[in-house]
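Take a look at the structure below.
First the proteins, then the strands, lettered A, B, ... as listed; each starts at 1.
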Protein chains: 2
Amino acid sequence: MNIGNASEKSGLSAKTIRYYEDIGLLLADRADNGYRDYSMSDVHRLRFLQRSRSLGFSVEECRQLLSLYSDKDRESADVKAIAKAKLTEIDRKLAELTELRDTLRHLVRNCHGDKRPDCPIIEGLAGKD
Amino acid sequence: MNIGNASEKSGLSAKTIRYYEDIGLLLADRADNGYRDYSMSDVHRLRFLQRSRSLGFSVEECRQLLSLYSDKDRESADVKAIAKAKLTEIDRKLAELTELRDTLRHLVRNCHGDKRPDCPIIEGLAGKD
DNA sequence: AGAAAGGTTCTAGTTCATGGAAGGTCAAGG
DNA sequence: CCTTGACCTTCCATGAACTAGAACCTTTCT
């Protein structure tokens with residue numbers, strides 16, 4: 001499939017997909033006309049990249065994560081080690097995100113949404129850790 | 001407290017903290033010697049920034065989120081609207097992150113960590129959505 | 001006092017894209 | 001057949017969010 005299609009399916013812009021190819025993150029086949037040609041498997045990788053980037057992993061971290069998908073020659077012990085390290089990081093991010101959500105949720109629930117001066121922003125958020 | 005101390009407590013580099021001041025995200029008091037002077041409340045905001053940035057929110061989004069802490073003059077209806085919008089976004093991120101974690105966790109559990117060729121990367125990850 | 005540690009500003013470079021120009025390709029309709 | 005418009009190509013420039021380094025000042029430690 002063409003890049004436009006892959007872009008739509010992955011949530012990454014065509015520009016970004018070409019950029020990722022430039023930096024060697026995901027190399028695409030080429031059709032006879034020179035157009036990039038993406039398989040469903042490529043699209044899965046692109047979506048995976050979109051997700052991990054939007055969740056705060058750097059391109060280099062994504063490269064590592066992607067190697068879990070792609071590098072069949074790698075010894076699986078290596079793969080496992082990388083995956084474990086990333087898992088720890090993801091769990092930390094999950095905890096932080098959950099905390100952030102609970103904080104905001106508390107705010108939304110307790111804020112009356114009018115001009116009364118006791119909107120719980122200050123008490124609930126500004127003061128403590 | 002000095003910037004080094006604030007840096008340590010917030011997890012942001014001193015460089016980054018100065019940069020955030022440049023772009024008006026968090027303005028610091030100044031001591032008599034010209035050094036920036038941070039309160040505990042400033043540190044909380046810095047930590048908050050560190051977290052939200054690392055979770056993939058843009059600086060502008062962080063500015064909004066931060067306004068939930070700081071902007072006491074704002075009508076609470078506005079605050080509530082912003083908070084609600086961010087909540088939706090956070091919930092989406094949480095779902096994605098959870099999915100990513102489950103995928104990796106499955107990999108780690110099922111990979112035997114040796115050279116056997118049936119490391120479940122390909123079946124478990126590369127193929128399906 | 002002298003050195004190390006940490007602060008200041010300023011300019012420049014890096015990473016991760018994103019926008020736009022100039023031009024080639026393709027599928028559909030007149 | 002030929003044009004129109006969507007989609008593709010490369011290349012160069014710009015933007016966002018840092019990050020590094022130089023040059024210099026302030027505090028602290030011995």
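- Going from atom CG of A:Asp37 over to atom P of D:dT9 covers 10 Å, rounded to whole Å.
- A heavy-atom distance below 4.5 Å is not found between the side chains of A:Arg45 and A:Tyr20.
- Here the P atom of nucleotide D:dG15 and the CD atom of B:Glu60 are 15 Å apart, to the nearest Å.
- The side chain of A:Ser13 places an N or O atom within less than 4.0 Å of a non-bridging phosphate oxygen (OP1 or OP2) of C:dT18.
- Within the 4.0 Å cut-off from OP1 or OP2 of D:dC8, not a single side-chain nitrogen or oxygen of A:Asn33 is found.
- For B:Tyr20, a side-chain nitrogen or oxygen approaches OP1 or OP2 of D:dC18 to under 4.0 Å.
- Taking atom CG on A:Asp22 and atom C1' on D:dC11, their separation rounds to 10 Å, with Å as the unit.
- Neither OP1 nor OP2 of C:dC16 sits under 4.0 Å from any side-chain N or O of A:Thr16.
- In this structure, the nucleotide among C:dT9, C:dG7, D:dT9 sitting nearest to the side chain of B:Asn2 is C:dG7.
- Rounded to whole angstrom, the span from the CD atom of B:Glu21 across to the P atom of D:dA17 amounts to 17 Å.
- The distance from atom CZ of A:Arg30 to atom C1' of C:dG24 is 13 Å, rounded to the nearest whole Å.
- An OP1 or OP2 oxygen of D:dA17 is reached within less than 4.0 angstrom by no side-chain nitrogen or oxygen of B:Arg53.
- Considering only the side chain of A:Tyr19, C:dA17 comes nearest among C:dA17, D:dT9, C:dG7.
- Considering only heavy atoms from C-beta on, A:Arg47 comes within 4.5 Å of A:Arg51 through its side chain.
- Of the listed nucleotides (C:dG7, D:dA20, C:dG19), C:dG7 has the atom at the smallest distance from the side chain of B:Arg18.
- Protein atom CD1 of A:Ile3 is 14 Å distant from nucleotide atom C1' of C:dT18, rounded to whole Å.
- Within a 6.0 Å radius of CD in B:Glu21, more than 12 heavy atoms belonging to other residues, nucleotides or ligands are found.
- Remark: P of D:dT9 and CD1 of A:Ile17 are 10 Å apart, rounded to the nearest angstrom.
- In this structure, B:Leu25 and B:Tyr19 have side chains that are not in contact, with every pair of non-hydrogen atoms separated by 4.5 Å or more.
- Between the side chains of B:Asp91 and B:Thr88, not a single donor N or O lies within less than 3.5 Å of an accepting N or O.
- Between B:Met1 atom CE and D:dT27 atom C1' there is a gap of 18 Å when expressed in whole angstrom units.
- Considering only side-chain N and O atoms, B:Arg63 lies nowhere under 4.0 angstrom from the phosphate OP1 or OP2 of D:dA17.
- Each of B:Tyr35 and B:Val59 has a nearest nucleotide on DNA chain D; the 5'-most of these lies closest to B:Val59.
- Among the heavy atoms of the strands, none lies under 4.0 Å from B:Ile23.
- OP1 or OP2 of D:dT9 lies within a sub-4.0 Å distance of a side-chain N or O belonging to A:Arg36.
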